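Please read all numbers here as calculations on a predicted model, not as lab measurements. Below, each value reflects all heavy atoms present in this structure, side chains not excepted, and no hydrogens, waters or symmetry copies.
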Amino acid sequence: MLLMNVLPAVKIVAGMEKELAFVRARVGNIAPEEHISVMALSYMGPFGAKGTTFADICNYAEVKNVVAEYDLPPNTAFSEETLIRLNPDLLVIPSWKYDNEQDPSKMREEILQNRAYQSVNAVKNKRVVQLRDTYLYSTTHYIVYAIRDLAEAAYPEKFN
């Protein structure tokens with residue numbers, strides 16, 4: 001009886017390991033100095049401080065999480081000037097529209113049109129992307145899909 005309960009878990013872990021191997025095969029050989037820098041934004045500001053789930057996602061996706069490197073405490077707001085100074089190559093924004101005021105498509109356009117952000121690499125190169133929030137905020141086995149999605153957004157040429 002115990003074995004029957006363990007088999008689904010073994011399959012889940014095997015699926016996670018397979019997904020992580022898929023990502024590693026594509027981005028695992030990228031030198032740290034060549035890692036794309038990333039900042040994730042929620043409707044309340046940046047997230048991904050050192051020690052958070054998003055910081056772990058970044059590590060597995062072989063990207064540099066500028067919020068963790070800046071060593072911000074969790075849930076700390078910071079100014080537009082800080083975003084400009086951190087200058088991420090890729091901005092990750094929400095994909096979920098949960099009310100009529102906070103629309104991810106509008107958020108993307110506001111970021112791209114913000115005159116203050118025109119020197120930010122992610123804005124200059126129009127690399128403001130939505131990753132599936134269902135994976136990005138997951139603390140289950142589905143987190144491996146957030147890792148894959150982030151790696152693919154950062155290094156699309158490695159996934160063709």
Establish whether Trp96 and Val92 are linked, either directly or via other cluster members, by ILVMFWY side-chain heavy-atom contacts under 4.5 Å. no
Hey, does the side chain of His141 reach the backbone of Met16 with a donor-acceptor pair shorter than 3.5 angstrom? no
Report yes or no: do Tyr70 and Arg85 form a side-chain donor-acceptor pair below 3.5 Å? yes
State, with a plain yes or no, whether a side-chain heavy atom of Glu19 is found less than 4.5 Å away from one of Arg148. yes
Nearest heavy-atom approach of Pro156 to Ala153 is CD-O, 3.6 Å
hydrophobic_cluster_shared for Val27 and Phe54, side chain cutoff 4.5 Å: yes
SB check Arg127 Asp89 (cutoff 4.0 Å): no
Got a second to check how far Met39's CE is from Asn121's CG, nearest 0.5 Å? 12.0 Å
Same cluster or not: are Tyr142 and Val13 linked, directly or through other Ile, Leu, Val, Met, Phe, Trp or Tyr residues, by side-chain heavy atoms under 4.5 angstrom apart? no
Verify whether the ring centers belonging to Phe47 and Tyr137 lie closer than 6.0 Å. yes
To the nearest 0.5 Å, how far apart are CG in Asp133 and OG in Ser138? 11.5 Å
Just do the side chain to side chain contact (heavy atoms under 4.5 Å, CB included) check on Ile143 and Tyr135 with the steps written out, would you? CA-CA 5 Å; Ile143 199 167; Tyr135 298 150; over 6 Å; no
Give the C-alpha distance, both sets of side-chain angles, the deciding distance and a yes or no for side chain to side chain contact (heavy atoms under 4.5 Å, CB included) between Ile111 and Leu91. CA-CA 9 Å; Ile111 290 168; Leu91 280 170; 3.8 Å; yes
Using the rule that Ile, Leu, Val, Met, Phe, Trp and Tyr join whenever any side-chain heavy atoms are under 4.5 Å apart, tell me whether Tyr43 and Leu112 fall into a single cluster. yes
Student check: side-chain heavy atoms of Ile36 and Lys64 closer than 4.5 Å: no
Distance in Å, Ile57 CD1 paired with Tyr145 OH, rounded so as to fall on 0.5 Å steps: 14.0 Å
Trace of the side chain to side chain contact (heavy atoms under 4.5 Å, CB included) decision for Tyr155 with Arg26: CA-CA 9 Å; Tyr155 309 105; Arg26 280 153 182 77; over 6 Å; no
Calculate, to the nearest 0.5 Å, the distance between atoms CG and CD1 belonging to Leu136 and Ile93 respectively. 11.5 Å
Is there side-chain contact between Pro94 and Met107, with heavy atoms separated by less than 4.5 Å? yes
Val67 vs Pro46 side-chain heavy atoms within contact, under 4.5 Å: yes
Would Leu131 and Tyr60 show up in the same hydrophobic cluster when neighbours are defined by side-chain heavy atoms closer than 4.5 Å? yes
Can any side-chain N or O of Asn65 pair as donor or acceptor with the backbone N or O of Gly48 at less than 3.5 Å? yes
One should read off an interatomic distance between Arg108 CZ and Gln130 CD, to the nearest 0.5 angstrom, of 7.5 Å
Checking side-chain contact (heavy atoms from CB on, under 4.5 Å) between Val23 and each of Ile147, Leu150, Val144, which is the one that passes? Ile147
Determine the minimum heavy-atom distance between Arg24 and Glu17, stating which atoms define it. NH2-O, 4.5 Å
Stepwise side chain to side chain donor-acceptor pair (under 3.5 Å) check, Asn29 with Glu62: CA-CA 9 Å; Asn29 62 346; Glu62 301 291 341; over 6 Å; no
Kindly say whether Glu110 contributes a backbone atom to a donor-acceptor pair with the side chain of Asn114 at under 3.5 angstrom? no
Applying side chain to side chain contact (heavy atoms under 4.5 Å, CB included), run through Ser37 and Leu90 and close with a yes or a no. CA-CA 6 Å; Ser37 62; Leu90 181 71; over 6 Å; no
Rounding to 0.5 Å, atoms NE2 (His35) and CG (Asn59) come to a distance of 9.5 Å
